[in-house]
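Order of the sequence lines sets the chain letters (A, B, ...), proteins ahead of strands, with each chain counted from 1.
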2 protein chains.
Amino acid sequence: MASRGTTSRRILELAESLLQRLGYNGFSYHHLSQELGIKNAAIHYHFPTKEDLGLQIVEQTRKRFNKWCNNPENRILPVKQQLDWLVQTYHYNLKLGNRVCLIGALATDYYTLPASMQNAVKELSYELQHWTARLLENGRESGVMDFKGRSNHKALCILSTLTGSLQLARLLGNERHQQIVDQIYLDLNLTY
Amino acid sequence: MASRGTTSRRILELAESLLQRLGYNGFSYHHLSQELGIKNAAIHYHFPTKEDLGLQIVEQTRKRFNKWCNNPENRILPVKQQLDWLVQTYHYNLKLGNRVCLIGALATDYYTLPASMQNAVKELSYELQHWTARLLENGRESGVMDFKGRSNHKALCILSTLTGSLQLARLLGNERHQQIVDQIYLDLNLTY
DNA sequence: GTCTATATACCGATAGAC
DNA sequence: GTCTATCGGTATATAGAC
């Protein structure tokens, strides 16, 4: 199992990258072993099955997200800066090599995933949606931003947009992503 | 090659369904042959390689889209009805069994696709974006809808939202899709 | 146009030496 | 903790009979 050994971390990091670039069914232990300069048996030592590896990728992302959200320093940040952080998280995927977001990658492969991974990515998306809805609700109440309808629906809408944006960027050009983000801010009566 | 023989059409239809449910790397000739009650060699007779099959799926969708857009009966429809048609196209994927849209499915698998498919899906997304931008531009000029910024950016934003929405629906529940669509209409100062 | 049979490659995974 | 070696399964694809 993966704890914090260097090799484990290198495997996990590369696997996350490949998953978001090629999809869950698009990368293999062979890809990993070649690029890391080790044999596939070594990877199986750290992650016995591909399900173990995939699950840890999702759980790692969940922990990263929840850690940021629960950090008191971040919780007291102005609403707009918290939204900026969310948006930068997506933009970071683009910069790292046209990755799509983890949720989008796993959603399109969803019905081929082991149940443990399905449940984990469901949890992640639920937490993300909940946090974003609260953020927007606060933003509207405090007059920082403006939008119609329920904050929960607007949150779902914005998260869908960010998810789709990284995918369209692959087809229509990376500059499209920033244009879409600008439009989101415009629709919220904000400037990025 | 596939023309209009019954078997070819059955293969193409099932392959399209599997592609949008399981991803390009998530379905096989074995899946197809089992469900159609024929042998995988028969499928190779109609579609020699998986690339041939995948390419025809994309080209079929392109033709379907362009045929609708270029139909004079549809071109004279009120702007809102044309937008409704676009939105229903996405909703239809959901009804057919939680399919994601073709563009979303192929975008996440993009870097594992043969070049011919990459080019075809690029073309499709370009045509879709162009048509949607013109639709929104007309809608705003005629006072049917309202939004800030460039119509081209708003079009990209809405298409991203619809793409992501079918994916989030898998994780958060199908009812989320309609909520997201309602929000899109609300943001356009329209009612669905 | 569909079949049986098979070629070839790659996949995830394991046994056992070091 | 990493290696060599290999198993069993499945993938795409083809040859040739019917």
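Between B:Glu59 and B:Arg62 there is a salt bridge, since at least one side-chain N of the basic residue sits less than 4.0 Å from a carboxylate O of the acidic one.
More than 12 heavy atoms of other residues, nucleotides or ligands sit less than 6.0 Å from atom CD of B:Glu175.
Listed candidates were D:dA13, D:dA15, D:dC3. Nearest to the side chain of B:His44 is D:dA13. The side chain of B:His31 lies closest to D:dA11, out of C:dT4, C:dA13, D:dA11.
A salt bridge (Lys or Arg N to Asp or Glu O under 4.0 Å) with B:Glu16 is found for one member of B:Arg9, B:Arg10, B:Arg64 and no other, namely B:Arg64.
In this structure, A:His46 reaches the D:dT2 phosphate: one of its side-chain N or O atoms is under 4.0 Å from OP1 or OP2. One finds no side-chain N or O of A:Tyr45 lying less than 4.0 angstrom from the OP1 or OP2 phosphate oxygen of D:dT2. Contact annotation: B:Tyr29 side-chain N/O to D:dT12 OP1/OP2 distance is not under 4.0 Å. OP1 or OP2 of D:dT2 sits under 4.0 Å from a side-chain N or O of A:Thr7. Side-chain N/O atoms of A:Ser28 include one lying less than 4.0 angstrom from OP1 or OP2 on C:dC11.
Taking atom CG on B:Asn25 and atom P on C:dA9, their separation rounds to 20 Å, with Å as the unit. Here C:dG1 presents its C1' atom at 14 Å from CG of B:Leu36, a figure rounded to the nearest Å. As rounded to whole Å, 10 Å separates atom P of C:dA13 from atom CG of A:Leu53. For the pair A:Lys50 NZ and C:dT14 P, the computed distance is 15 Å after rounding to whole Å. Across the protein-nucleic acid pair, A:Ile43 atom CD1 and D:dG1 atom C1' stand 13 Å apart, rounded to whole Å. Regarding B:Ile11, its CD1 atom lies at a distance of 11 Å from the C1' atom of C:dT2, rounded to whole Å. Rounded to whole Å, the distance from CG on B:Asn40 to P on C:dA7 is 15 Å. To the nearest angstrom, P of D:dT10 lies 16 Å from CG of B:Leu32.
Residue A:Lys39 is classed as a base contact, given a heavy-atom separation below 4.0 Å to a base.
Linking Ile, Leu, Val, Met, Phe, Trp and Tyr whenever their side-chain heavy atoms come within less than 4.5 Å leaves A:Val100 and A:Tyr92 in two separate clusters. In the hydrophobic clustering of ILVMFWY residues, with side-chain heavy atoms under 4.5 Å counting as a link, A:Leu96 and A:Leu12 come out apart.
Checked by distance alone, B:His30 brings no side-chain donor or acceptor within 3.5 Å of a matching partner on the base of D:dA11.
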